[in-house]
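Working notes, beginning with the structure itself.
Residues: numbered from 1 along the sequence shown. Reckoned from all heavy atoms, side chains included, excluding hydrogens, waters and symmetry mates. These numbers were taken from a predicted model, which means no experiment stands behind them.
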Amino acid sequence: NQDFRFEKGALEVKATCANTPTTFNVSNIRQLDESAHASLFLYLVLLEPSTSRGESLVTAVERLRARLSDAALERFNAGLIDYGYLDAHESLYESPLYVVRQEQSFRVVPGFPRLLEKDLPTGVHEVRYEVSIAACARYSIPLDEVSRELLQP
């Protein structure tokens, strides 16, 4: 349900190219549910598409692969395949380029603005909703702290 799962927790990633985003979309009722993990973090990245500068998806994947250990790399590669990223199609992912405008990370804990499956009325299915970025501010956490918590042995 989350984009990345680790021994010590999980990470849900949201990206947008909107000029002045005020919300992010949640497309799965379990994406922001921390109950199955020791900890859950949300990483929000604001991107700007470009034809002349920035990083392609291929470059980002290569950079991440270079930083991962064998077990993590294996899981990462499997996740890429699950999401339809195939190395054989790299030429399709070379453009556009993206420049990171802003990054924010948040700790998802009780009180975080989200819906939980256990709170849905009987008969409600396929929930998709938007969360105000401003409403998440009090749960902000430095990205290096997220990395330490999820990746350190």
Side-chain angles (χ1 to χ4, degrees), residues 1-6 8-68 72 75-77 79-86 89-121 124-151:
N1 295 306
Q2 290 77 34
D3 293 308
F4 300 96
R5 285 170 279 165
F6 304 89
K8 295 183 174 184
L11 179 68
E12 177 61 26
V13 177
K14 299 292 179 184
T16 181
C17 292
N19 286 333
T20 53
T22 57
T23 63
F24 61 87
N25 295 315
V26 178
S27 58
N28 173 336
I29 193 67
R30 294 185 184 131
Q31 282 181 336
L32 298 179
D33 184 351
E34 82 284 3
S35 63
H37 307 285
S39 58
L40 175 60
F41 300 95
L42 170 68
Y43 173 65
L44 177 63
V45 60
L46 309 181
L47 301 170
E48 181 178 322
S50 172
T51 56
S52 61
R53 61 188 183 96
E55 185 174 62
S56 71
L57 181 57
V58 172
T59 306
V61 166
E62 289 172 355
R63 184 173 43 79
L64 287 168
R65 283 176 169 160
R67 296 180 65 190
L68 296 173
R75 288 197 333 249
F76 180 71
N77 287 334
L80 288 172
I81 292 168
D82 287 346
Y83 281 96
Y85 182 99
L86 302 174
H89 298 154
E90 279 185 348
S91 63
L92 300 174
Y93 314 132
E94 286 293 344
S95 65
L97 302 175
Y98 293 95
V99 176
V100 174
R101 289 186 310 164
Q102 185 179 354
E103 299 170 283
Q104 296 175 274
S105 51
F106 307 94
R107 184 184 300 276
V108 179
V109 294
F112 189 88
R114 79 281 176 68
L115 297 174
L116 294 172
E117 188 173 34
K118 67 181 181 65
D119 298 330
L120 293 178
V124 175
H125 302 281
E126 299 296 325
V127 176
R128 298 179 198 302
Y129 61 99
E130 292 182 1
V131 175
S132 164
I133 296 170
C136 300
R138 66 183 278 219
Y139 302 94
S140 183
I141 180 174
L143 187 56
D144 60 336
E145 192 173 324
V146 173
S147 296
R148 269 195 309 278
E149 285 197 39
L150 290 177
L151 300 175

Given S35 and D33, is the side chain to side chain donor-acceptor pair (under 3.5 Å) satisfied, shown in steps? CA-CA 6 Å; S35 63; D33 184 351; 2.8 Å; yes
Heavy-atom side-chain contact between [X] and [Y] under 4.5 Å:
{"X": "E34", "Y": "R114", "value": "yes"}
{"X": "V146", "Y": "Y43", "value": "no"}
{"X": "L150", "Y": "S39", "value": "yes"}
{"X": "E149", "Y": "F41", "value": "yes"}
{"X": "L11", "Y": "F6", "value": "yes"}

Roughly how far apart are [X] [atom1] and [Y] [atom2], rounded to 0.5 Å?
{"X": "F76", "Y": "D3", "atom1": "CZ", "atom2": "CG", "answer": "11.0 Å"}
{"X": "T59", "Y": "R63", "atom1": "OG1", "atom2": "CZ", "answer": "9.0 Å"}
{"X": "I29", "Y": "R128", "atom1": "CD1", "atom2": "CZ", "answer": "11.0 Å"}
{"X": "L47", "Y": "Q102", "atom1": "CG", "atom2": "CD", "answer": "11.0 Å"}
{"X": "L97", "Y": "S50", "atom1": "CG", "atom2": "OG", "answer": "5.5 Å"}
{"X": "K14", "Y": "I133", "atom1": "NZ", "atom2": "CD1", "answer": "11.5 Å"}

Verdict with supporting geometry, F24 and T16, side chain to side chain contact (heavy atoms under 4.5 Å, CB included): CA-CA 8 Å; F24 61 87; T16 181; over 6 Å; no
Identify the residue among Q2, K8, R5 that makes a side-chain hydrogen bond (donor to acceptor under 3.5 Å, both in side chains) with H37. Q2
Who are the side chain to side chain donor-acceptor pair (under 3.5 Å) partners of T23, not counting sequence neighbours?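 Expected list: E130.
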Mind listing the side-chain donor-acceptor pairs of residues 89-96 below 3.5 Å, one per line with the distance, residues two or more places apart or on another chain?
| from | atom 1 | to | atom 2 | distance (Å) |
| --- | --- | --- | --- | --- |
| Y93 | OH | G84 | O | 3.3 |
| Y93 | OH | L86 | N | 3.2 |

Looking at [X] and [Y], what are the two nearest heavy atoms and their distance?
{"X": "P113", "Y": "Y139", "value": "CD-CE1, 3.9 Å"}
{"X": "L46", "Y": "P21", "value": "CD2-CG, 3.5 Å"}
{"X": "Y98", "Y": "P49", "value": "CD2-CA, 4.0 Å"}
{"X": "E12", "Y": "L32", "value": "CG-CD2, 4.4 Å"}

I'd like to know whether CZ of R65 has more than 12 heavy-atom contacts from other residues, nucleotides or ligands below 6.0 angstrom. yes
Around atom CG of N19, are there more than 12 heavy atoms of other residues, nucleotides or ligands at under 6.0 Å?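 Incorrect, the count does not exceed 12.
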